[in-house]
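My questions will all concern the structure given below.
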Protein chains: 2
Amino acid sequence: MFTLSEENYLKTIYHLSLETSNGISTNAISNQLQTKASSVTDMIKKLSDKKVLAYKKYKGVTLTGFGKKTAANIVRKHRLWEVFLVEKLNFSWDEVHDVAEQLEHIKSPKLIHQLDSFLGFPTHDPHGDPIPDADGNLKTIEKSLLSTLLKNECGICVGVNDSSSEFLQFLDKKGIKLGKKITVLDKEEFDNSLSILIENKKLSISNKIANNLYIQKS
Amino acid sequence: MFTLSEENYLKTIYHLSLETSNGISTNAISNQLQTKASSVTDMIKKLSDKKVLAYKKYKGVTLTGFGKKTAANIVRKHRLWEVFLVEKLNFSWDEVHDVAEQLEHIKSPKLIHQLDSFLGFPTHDPHGDPIPDADGNLKTIEKSLLSTLLKNECGICVGVNDSSSEFLQFLDKKGIKLGKKITVLDKEEFDNSLSILIENKKLSISNKIANNLYIQKS
DNA sequence: ACATATTTTTAGATAAGACTAAAAATATAA
DNA sequence: TTATATTTTTAGTCTTATCTAAAAATATGT
Ligand SMILES: [Mn+2]
Ligand SMILES: [Mn+2]
Ligand SMILES: [Mn+2]
Ligand SMILES: [Mn+2]
């Protein structure tokens, strides 16, 4: 069994591992968790003793199979709870993360199994992120940043890169929701801003926004 | 804000306060929480500094108004989660307590408000215990132990005194559920066992059982 | 290649929440 | 009422998870 702190380290290392194929550095972890590098070294030793991390001094860490499964299960819980909050308790997608950060640590296999079933076995959370299955496997879908689409290309909005409440509320204000079709009408060379069509409305989108929206091309 | 440990102490003191009208002794708390008396003294000081307890050395503690409200809110969350687990996730009433012990510490006023609404503002948990309202007020109903009923008296089964899973499973096996009408057909002087009628079935009930079932007389 | 910068680890400190052992206060009983 | 038992508190230790400061290892640039 893992402590709350151990679980948070595991989850962070799991997320970092999905981005970079190399070992995860002490500093990368400390940046993410807002702790000091020395604290990370201490925790790495503990987690390595518990067989969830492979660690060689100064060489960074990688998750073991067991570690990967353990971490994926925490992410699974986080995302299932986010679905619950949005679908059943009428939270908006910018309000769920902090509560899910707490709920993901609840220990009860039956609870998570029943919750999954109650929610109809969802595959993605409210931000479009995939929910690992009970064995910790993720199925990733083909998706591209909106900023990489060319003029006249289109696709379905399937996720966000930035899930801060500021960005999510901004999307709400603009009427941009997951599942909607987006067409790139024009692309401005000067500042890489886009003119897009969504639900018969024309919108002007800055590059910063386009860099944080995922599209499944169609 | 209170730590997990502080919340558990508060809750324990709250429960003890409902049984005894005097101050709560260090030993009473340590027995309940399975900790040493010295640990309790330490925590009492901390909670007293935080203005949730009134404390005089060697004199035991009482909850302040603020403390009572804080504790009642934890109990509120515990019981609402128990309802959720039984009503929505198909847990049986003997499986919910341990999970609720974890869930009661989740901090999100919106979560608990929405959960309450989602559950239809329940007034009692699956064990028949009343759910404090948002202000921490409990409405207690008139109830008697089954063992105090006389021959030919009857009433509705409204609660349990012992909520161990062993006892709850025993009740399940016998078909005894909350909400059912129970009539005392006979009372055996020798061992205080009862013969009762429930759903047209005659059951023989030991004094130990009758001492752990609450009836609302009718 | 070697000096310098950066990263990582070690050493030692701190706070929370538990413990044991012993002292102090209170309760009980002859 | 005084001796004894019980309860409560104090003093000091331990573990976990954090920190700061300094040392050691690795990376970088000319
Ligand atoms: Mn999240
Ligand atoms: Mn999410
Ligand atoms: Mn309970
Ligand atoms: Mn209950």
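Here is the naming used below: chain letters follow the sequence lines, and residue numbers restart at 1 for every chain.
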| task | To the nearest Å, give me how far apart CG (B:Asp49) and P (C:dA16) are. | result | 11 Å
| field | Nearest-Å distance for atom pair CG/C1', residues A:Leu47 and D:dT16 | value | 13 Å
| Nearest-neighbour nucleotide for the B:Tyr55 side chain, D:dT9, C:dT10, D:dC19 considered | D:dT9
| When the distance from NZ of B:Lys56 to C1' of C:dA25 is rounded to whole Å, what number comes out? | 16 Å
| Between A:Asp42 (CG) and C:dT10 (P), how many Å, whole number? | 9 Å
| Parallel, tilted or perpendicular: rings of A:Phe167 and A:Phe170 (30°, 60°) | parallel
| remark: Taken to the nearest whole Å, NZ/A:Lys45 to C1'/C:dA11 is 10 Å
| message | Between B:Ser39 and C:dC19, is there a contact of a side-chain N or O with OP1 or OP2 at under 4.0 Å? | response | yes
| Length of the line joining B:Ile44:CD1 and D:dT7:C1', which is rounded to integer Å | 12 Å
| query | Which part of the nucleic acid, if any, lies within reach of B:Thr26 when heavy atoms closer than 4.0 Å are counted: base, sugar-phosphate only, or nothing? | reply | sugar-phosphate
| Which residue lies more 5' along DNA chain D, comparing A:Ser38 with B:Val40 via nearest heavy atoms | B:Val40
| Side chain of B:Ala37: nearest nucleotide among D:dT26, D:dT8, C:dT10? | D:dT8
| task | Taking only the side-chain heavy atoms of B:Thr35 (C-beta and beyond), determine which of D:dT26, C:dC19, D:dT20 contains the nearest atom. | result | C:dC19
| task | Using the six-membered ring of B:Phe91, assess whether NZ or CZ of A:Lys110 lies under 6.0 Å from its centre and within 45 degrees of the ring axis. | result | yes
| message | Tell me whether A:Glu82 is salt-bridged to A:Lys77, with the criterion being a basic N under 4.0 Å from an acidic carboxylate O. | response | no
| query | According to a strict under-4.0 Å criterion, is A:Lys57 in side-chain N/O contact with OP1 or OP2 of D:dA24? | reply | no
| task | For C:dA23, take OP1 and OP2 only and decide whether either is under 4.0 Å from a side-chain N or O of B:Tyr58. | result | no
| note | Of D:dT9, C:dT26, C:dT9, the nucleotide closest to the side chain of B:Lys59 is C:dT26
| task | May I ask you to verify if any side-chain N or O of A:Asn27 is less than 4.0 angstrom from the OP1 or OP2 atom of C:dT8? | result | yes
| task | Measure from NZ or CZ of B:Lys88 to the centre of the six-membered ring of B:Phe118 and say whether it is under 6.0 Å with the direction within 45° of the ring axis. | result | yes
| message | Quick check: closest heavy atoms across A:Asp135 and A:Lys69, and the distance to 0.1 Å? | response | O-CG, 3.5 Å
| request: Let me know the distance between CG of B:Asn31 and C1' of D:dT7, rounded to the nearest Å. | output: 12 Å
| message | Using whole Å, what does the distance between atom P of nucleotide C:dA16 and atom CZ of B:Phe2 come to? | response | 15 Å
| said: Side-chain N or O of B:Lys36 versus OP1/OP2 of D:dT9: is the shortest distance under 4.0 Å? | reply: no
